Q: 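Attaching a single structure in structure tokens format; questions to follow.
Just so you know, these numbers use all the heavy atoms, side chains as well, and skip hydrogens, waters and symmetry mates. Keep in mind the model is a prediction, meaning the values are calculated, not measured.
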Amino acid sequence: MSDSVFQRICTYLADRNIAFRTVEHEPTYTSEESAAARGEDVRIGGKAIVLKVDDIFRLFVLSAALKLDSGAIKRHLKVKRIRFATAPELLDFTGLEPGSIPPFGDPILPFVLFVDESILLNQKIAFNAGSLTNSIVMSVQDYVALTKPEIFRFSKGDLPISHS
């Protein structure tokens, strides 16, 4: 299914005349490996994390250079419990393995999408696109206009700015 997710994203972007580039690379398992394989700064990486928020799975995207602030998510969404989705849950909901989740909710993946403010500080976003060997790089402006996420701050650390 991972190839089909990659193809669905490429078709989705192309059908909407969104400029993007694909990068095929060796399998990457960390944000730093992915950035190096793409030839991009780790700060523009969009780290996509599926969390179970109370009883609902949701997708959160933040700069790969930052850490998730679970307290900020709990406060913003007024919930008591959040946890990371397990590998079997990811496989069940998406057909994908950890590290290959792209930063797209509906219609690509069945999740409500939340984007951290850190993503908006860069001109580009780069991400693994349904596999550990295929990445996409596109403009943040196009990404946000297309995905229409809810945006708030749920990262820890200084907000990174990359001018590349």
Side-chain angles (χ1 to χ4, degrees), residues 1-51 57-68 84-85 87 89-155 157 159-164:
M1 180 170 175
S2 61
D3 285 337
S4 67
V5 170
F6 175 68
Q7 288 300 339
R8 284 195 343 246
I9 294 169
C10 290
T11 300
Y12 187 67
L13 296 174
D15 286 352
R16 287 153 183 80
N17 297 313
I18 303 292
F20 66 98
R21 75 178 166 90
T22 61
V23 181
E24 190 170 340
H25 48 76
E26 293 298 314
T28 57
Y29 301 97
T30 68
S31 298
E32 292 75 19
E33 287 176 354
S34 295
R38 296 177 195 125
E40 298 286 351
D41 190 301
V42 71
R43 294 175 293 184
I44 73 160
K47 183 170 21 178
I49 300 172
V50 178
L51 297 174
F57 287 94
R58 299 176 181 206
L59 183 60
F60 295 82
V61 181
L62 67 156
S63 169
L66 297 174
K67 303 281 187 214
L68 187 78
F84 291 98
E89 287 169 336
L90 286 177
L91 189 60
D92 185 43
F93 284 117
T94 68
L96 302 174
E97 62 185 306
S100 67
I101 303 294
F104 286 85
D106 286 326
I108 303 298
L109 295 177
F111 304 112
V112 172
L113 179 64
F114 298 89
V115 169
D116 185 70
E117 293 172 359
S118 61
I119 295 297
L120 304 181
L121 298 176
N122 299 310
Q123 294 176 5
K124 297 185 285 186
I125 182 171
F127 51 89
N128 282 359
S131 81
L132 298 174
T133 59
N134 291 294
S135 290
I136 289 178
V137 182
M138 63 185 290
S139 88
V140 166
Q141 183 177 358
D142 287 342
Y143 169 72
V144 171
L146 185 64
T147 60
K148 297 177 178 47
E150 182 174 335
I151 299 168
F152 69 100
R153 176 90 189 260
F154 53 86
S155 61
L159 294 177
I161 300 173
S162 171
H163 298 289
S164 58

Q: Which atom names give the shortest non-hydrogen contact between L90 and I101, and what distance separates them?
A: CD2-CD1, 4.0 Å
Q: Can you list every ring-ring contact (aromatic ring centres under 6.0 Å, His included) pair that touches residues 104-151, not counting sequence neighbours?
A: F60-F114, F104-F127, F104-Y143
Q: Who passes salt bridge (Lys or Arg N to Asp or Glu O under 4.0 Å) against E89, sequence neighbours left out?
A: R83
Q: In Å, rounded to the nearest 0.5 Å, how long is the span from CG of N128 to CG of L96?
A: 10.5 Å
Q: Please list all pairs meeting salt bridge (charged side-chain N to carboxylate O under 4.0 Å, His left out) that have one or both residues in residues 19-31, counting only residues at least two apart or in different chains.
A: R21-E40
Q: Pick one: which of L113, T147, D116 meets side chain to side chain contact (heavy atoms under 4.5 Å, CB included) with V61?
A: L113
Q: Has S155 got a side-chain atom pairing as donor or acceptor with L62's backbone, closer than 3.5 angstrom?
A: no
Q: For L120, check side-chain contact (heavy atoms from CB on, under 4.5 Å) against everything at least two apart and list the hits.
A: V140, V144, I151
Q: What residues form a ring-ring contact (aromatic ring centres under 6.0 Å, His included) with Y29, not counting sequence neighbours?
A: none
Q: With a 4.5 Å cut-off on side-chain heavy atoms, are F93 and V50 touching?
A: no
Q: Side-chain contact test, heavy atoms from C-beta onward, threshold under 4.5 Å: evaluate it for I125 versus M138 and give yes or no.
A: yes
Q: Contact between I18 and Y12 at the side-chain level, heavy atoms closer than 4.5 Å - yes or no?
A: no
Q: Once you round to the nearest 0.5 Å, how far does CG of D142 lie from NZ of K124?
A: 13.5 Å
Q: For L68, does its backbone N or O pair with a side-chain atom of K47 as donor and acceptor, under 3.5 Å?
A: no
Q: Specify the closest pair of heavy atoms between R8 and P107, including all atoms of both residues, with the distance to one decimal.
A: NH2-O, 4.4 Å
Q: What is the minimum heavy-atom distance between S63 and S118, and which atoms define it?
A: N-OG, 3.1 Å
Q: What's the spacing between I119 CD1 and N122 CG if we round to 0.5 Å?
A: 7.0 Å
Q: Please name all residues satisfying side-chain contact (heavy atoms from CB on, under 4.5 Å) with Q141, sequence neighbours left out, ordered by chain then number.
A: S139
Q: Ignoring hydrogens, what is the shortest heavy-atom contact between F57 and A85? Give both atom names and the distance.
A: CE2-CB, 3.8 Å
Q: Answer yes or no: is there a donor N or O on one side and an acceptor on the other, between the side chain of R153 and the main chain of E117, under 3.5 Å?
A: no
